[in-house]
Protein chains: 2
Amino acid sequence: MTKTRRPTRIQARNRAAILDAALEVFSAHGFRGATVDQIAAAAGLSKPNLLYYYPSKEAIHEALLSRLLDTWLDPLRAMDPAGEPLEEILAYVRRKLEMSRDYPRESRLFANEIVQGAPRILGFLTSDLKALVDEKAALLESWMDEGRIARVHPYHLIFSIWSLTQHYADFDVQVRAILDGDDPFETAPAFLDNLYRRLLTSA
Amino acid sequence: MTKTRRPTRIQARNRAAILDAALEVFSAHGFRGATVDQIAAAAGLSKPNLLYYYPSKEAIHEALLSRLLDTWLDPLRAMDPAGEPLEEILAYVRRKLEMSRDYPRESRLFANEIVQGAPRILGFLTSDLKALVDEKAALLESWMDEGRIARVHPYHLIFSIWSLTQHYADFDVQVRAILDGDDPFETAPAFLDNLYRRLLTSA
DNA sequence: GTCTATAATATGATAGAC
DNA sequence: GTCTATCATATTATAGAC
């Protein structure tokens, strides 16, 4: 009994290692720029062994993306219609910024995909993402109608949050080249908090 | 005399066609994702003929990037110390947004490079770009010291302008997937103008 | 499950005719 | 200057031993 190894254990361990290695390589080089060799080496496996777990490079990439998209929308979903409007928005900004700090590779994986025209996730953009954004834009507009936040274009407001927060992950190398030693994540939260307070608080 | 073709003419024409085709292909697929075949086809040349003008794929990419970087900083350079602070900043935002609208491929070429760690232009970031940003950040701070605009982190202010404007070029496919038929460049200028007025006008 | 060896293809670059 | 044909290499994927 003790001698019979549970194959599921090894499989789970290897699959996790592969996905982590693939995230590292795909986010740094894009789909075409990444090679199966690099991913296998980063995962500590031989190339054929890696392809034993995932049948193709494409399959690894798909698995990664589908895992990412599954949680990518959670921060926006968490924006609560019952909460205090300005605080809900500021909390969303904070969450997105924390994701850029803690999961920059995921952000860059996504960015690589979008910049190149979203060939693999256009469906996600036009279905799940659009539906959620439409819902939350309507919520933002209702808050504006009630005079609880200043009136701005709700879709551009959401785009602004994405771009301002994801910039610190996607353009990390540029930000750090300019800030030299300073950690952008030390000072960005206060900047963004102030920005959205000023934008959304009626004068 | 009339029979002797000026080779410079043809060369200039073909070189221009190659760079335009390369911009199209590199910006859409990244350096590794682009193939010499694709570029040659887009330029209307055979692959060997293309390589007659540029010795390698790398050389084409370098020529493109160096041409881009040469003008990439112009809008920021144009921010005039002698001008009215808020208007100078708003004009910079407008210029950057117009560049995203009129030259999205250039923006995506740059974005592809940065997202993947800027392997080819790290030197530019830490020298030319950093020097200019340092200079303009000092200018912004002097305006804040004089009380002519609200006090915010000057570097994050510049990052915010980059991210908010370039987002409409780099993430164009996502923006349009969500806005459906609406043209983002119709409504973005007013949104950004309002945003920076509220941020920088003292309460 | 994991490996070595290798097949099959894609791609960057060159040779050489015209 | 431009082309067809081709080389050399990189890369995805598979075969088959262990």
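Each chain gets a letter, A, B and so on, in the order its sequence line appears, and its residues count up from 1.
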Could you tell me how far apart N49(B) (CG) and dA5(D) (P) are, to the nearest whole angstrom? 16 Å
With a 4.0 Å limit, can you tell me whether S46(A) has a side-chain N or O closer than that to the phosphate oxygens OP1/OP2 of dC3(C)? yes
Expressed in angstrom and rounded to an integer, what is the separation of Y52(B) atom OH from dT2(D) atom C1'? 9 Å
Provide, to the nearest angstrom, the distance between the OH atom belonging to Y54(B) and the C1' atom belonging to dG1(D). 16 Å
Y155(B) vs F159(B) aromatic rings, parallel, tilted or perpendicular, using cut-offs 30° and 60°? tilted
Between R197(B) and E87(B), is there a side-chain N and carboxylate O pair less than 4.0 Å apart? yes
Tell me, please, whether W72(A) has K96(A) positioned over its six-membered ring: NZ or CZ under 6.0 Å from the ring centre and within 45 degrees of its axis? yes
Can you run down the ring-ring contact (aromatic ring centres under 6.0 Å, His included) pairs that involve residues 50-71 of chain A, sequence neighbours left out, and say none if there aren't any? F26(A)-H61(A), F31(A)-H61(A)
Protein within reach of the bases, or only the backbone? For nucleotides 5-18 of chain C, mark each nucleotide 5' to 3' as B, S or -, using heavy atoms under 4.0 Å. B-----SBBBB---
D145(A) and R151(A), any side-chain heavy atoms less than 4.5 Å apart: yes
Check R67(B) with D70(B), please: is the shortest side-chain N to carboxylate O separation under 4.0 Å? no
